[in-house]
2 protein chains.
Amino acid sequence: MAGKRTDARRKQHAQASVDDAAGQEARAEPTLARERIVVTAVELLDARGVAGLTMRELAERLGSGVMSLYWHVSNKEEVLDLALDLVLEPPHCVEFGNWREEVVHQLEDWRASMLRHPWSVSLLPRRALGPNLLSRLELLSRALSKAGVADADVNAAIWSLWNHPVGATITRVSFTLSDDDMAAGQRRLARGSDRYKAIEQSRLLLDNDWDGAFRKGIDFLLDGFARAK
Amino acid sequence: MAGKRTDARRKQHAQASVDDAAGQEARAEPTLARERIVVTAVELLDARGVAGLTMRELAERLGSGVMSLYWHVSNKEEVLDLALDLVLEPPHCVEFGNWREEVVHQLEDWRASMLRHPWSVSLLPRRALGPNLLSRLELLSRALSKAGVADADVNAAIWSLWNHPVGATITRVSFTLSDDDMAAGQRRLARGSDRYKAIEQSRLLLDNDWDGAFRKGIDFLLDGFARAK
DNA sequence: AAGCTACATCGTACAATGTACGAGTCAATG
DNA sequence: CATTGACTCGTACATTGTACGATGTAGCTT
């Protein structure tokens with residue numbers, strides 16, 4: 001029956017997971033090492049991408065043994081989760097008088113955070129509910145509450161705004177990611193110009209004013225809300 | 001000539017990649033085995049998810065040796081690329097009289113395809129330019145050309161529509177993915193109800209009419225286009 | 001002091017995986 | 001027959017995440 005289980009030690013930390021410091025009191029002490037691990041992980045990810053994050057490399061950068069990491073972190077996935085959440089920390093709450101500017105600011109900040117750490121985009125599909133993302137959702141929600149959207153539409157409105165940076169950043173990153181893809185895309189466009197007539201004509205793939213398109217997208221949505229009111 | 005363009009490379013040219021074999025006449029002989037591999041890969045992905053796709057498992061399902069795969073495919077990544085593209089095949093072009101319905105139909109079909117194969121979402125960030133996605137972009141582009149959007153805005157409009165299903169599906173899948181996350185999210189909401197007051201109040205995370213929200217999002221955008229005209 | 005407990009580090013070992021290499025099979029063609 | 005080129009596959013290896021358990025350390029209780 002293997003009575004002596006040593007899991008007592010792991011439990012304490014493992015359960016904390018992505019959750020922020022739990023108790024109501026200022027319990028504090030988020031295990032200094034844990035934060036160091038995550039910060040270093042982000043550096044590594046920035047430098048070498050998702051594939052470059054190895055527990056061994058991480059340990060080496062921290063000057064520790066590999067297995068020491070597992071005291072503070074239950075597995076590699078958790079490191080990724082924590083790194084993702086760290087990078088998506090929301091901005092300090094700046095109040096604009098104008099709710100519209102507030103929404104735009106928030107979404108642009110989010111997008112900028114992701115583009116600063118492109119690996120974060122590919123992690124997003126796995127875990128999209130870290131505490132920092134929840135905070136961003138909250139901020140967005142509050143800003144929009146001043147917009148006077150119809151009650152029945154408000155949730156749909158929030159999600160639409162939410163999804164815009166997600167989609168836009170993914171699209172942006174995967175286009176930038178490899179110029180090979182871009183070249184291949186152009187090649188495909190070149191031949192069979194009947195098949196891809198429209199996007200060839202509008203030079204959609206060549207127009208790389210991503211920032212502008214992103215901003216316009218927000219405006220479309222906000223205008224749409226106004227009309228649906 | 002070009003009759004016997006039996007893929008005599010694979011070893012050397014890893015560049016063929018996702019490109020379709022669309023020469024002009026070379027029809028219906030895209031290395032039967034290659035297609036079988038991809039189809040089987042999709043089955044495996046459907047059954048076991050991204051982590052479950054192993055070259056060994058794949059080979060076993062095909063009743064072949066592991067290394068035989070590498071004749072037809074240059075590496076695992078290519079298998080993933082091909083599987084992704086296969087699954088995102090666009091619908092047969094159905095013409096509606098109404099361009100608006102056409103857009104809605106296309107976006108909903110795309111979203112449905114992705115939800116049918118949830119693993120596709122997590123692959124999207126890596127490679128978003130397969131031929132089938134290009135086709136979808138083309139179809140969308142054509143449908144929208146009838147909408148009378150201002151020339152200066154048309155590309156931004158296309159991208160906004162494009163990003164909507166991407167973001168919405170990622171959000172949707174990552175929420176569904178693990179109920180643990182959902183539970184954790186709720187726990188986080190429960191305590192510190194001041195921090196997440198707004199989204200708690202609107203029951204944003206509990207309202208799971210994803211289909212409706214998605215549809216409304218499209219409408220917001222389309223209405224926004226109309227206003228920007 | 002001695003012993004106990006919780007915290008923390010780390011070396012070794014192992015299993016799973018992608019794939020390089022090269023030998024092998026088979027059919028068509030010279 | 002010999003050659004070639006399409007195709008298959010077994011072996012071997014390097015890289016990875018991590019289970020296990022020994023070790024060290026600090027503080028407390030008796």
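Proteins get letters first, then strands, A, B, ... in listed order; numbering begins at 1 in each. It should be emphasised that the depicted structure is a prediction, and the values quoted were computed from it without experimental measurement.
One atom, CG of A:N75, and another, P of D:dC20, lie 15 Å apart when rounded to the nearest Å. Across the protein-nucleic acid pair, B:L69 atom CG and C:dT17 atom P stand 14 Å apart, rounded to whole Å. The OH atom of B:Y70 sits 15 Å away from the C1' atom of D:dT11 (whole-angstrom rounding). Atom CZ of A:R34 and atom P of C:dA8 are 12 Å apart (whole Å). Note: CE (A:M55) to C1' (C:dT9) measures 14 Å, nearest angstrom. A straight line from CH2 of B:W71 to C1' of C:dA20 spans 17 Å, rounded to a whole angstrom. Atom CG of B:L62 and atom P of D:dC7 are 15 Å apart (whole Å). Note: CZ (A:R36) to P (C:dA8) measures 13 Å, nearest angstrom.
The pair A:E57-A:R48 meets the salt-bridge criterion, with a side-chain N (NZ, NE, NH1 or NH2) lying under 4.0 Å from an Asp/Glu carboxylate O. Salt bridge status for A:E138 with A:R142: present, with a side-chain N to carboxylate O gap under 4.0 Å.
Minimum heavy-atom separation, B:L88 to B:R136: O-NH1, 2.6 Å. The minimum heavy-atom distance between A:V87 and A:S113, with the atom names listed, is O-CB, 3.9 Å.
If you check D:dG10, C:dG18, D:dC20 against the side chain of A:M67, the one that comes closest is D:dC20. Distances were taken from every side-chain heavy atom of A:S68 (C-beta onward) to each of D:dT18, C:dC10, C:dG18; the shortest belongs to C:dC10. Looking at the side chain of A:R56, the nearest of the listed nucleotides C:dT19, C:dA8, D:dG17 is D:dG17.
A:L69 CG to A:I37 CD1: the interatomic distance, rounded to the nearest 0.5 Å, is 5.0 Å.
Within residues 38-51 of chain B, no residue is approached by DNA chain C to less than 4.0 Å at the level of any non-hydrogen atom.
Considering only side-chain N and O atoms, B:H72 lies nowhere under 4.0 angstrom from the phosphate OP1 or OP2 of D:dA6.
In this structure, B:F214 and B:H164 have parallel ring planes: the angle between them is below the 30° cut-off, well short of the 60° mark.
The residue A:L53 sits close only to the backbone: its heavy atoms come under 4.0 Å of sugar-phosphate atoms, none of a base. Residue A:T54 is classed as a sugar-phosphate contact, given heavy-atom separations below 4.0 Å to backbone atoms only.
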Quiz item: Step by step, would you call A:R126 with A:D81 a salt bridge (Lys or Arg N to Asp or Glu O under 4.0 Å)?
Solution: CA-CA 9 Å; A:R126 310 193 198 229; A:D81 293 346; over 6 Å; no
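Summary of the strand contacts: A:K76 and B:V66 both lie near DNA chain D, and taking for each the nucleotide with the nearest heavy atom, the more 5' one is attributed to B:V66.
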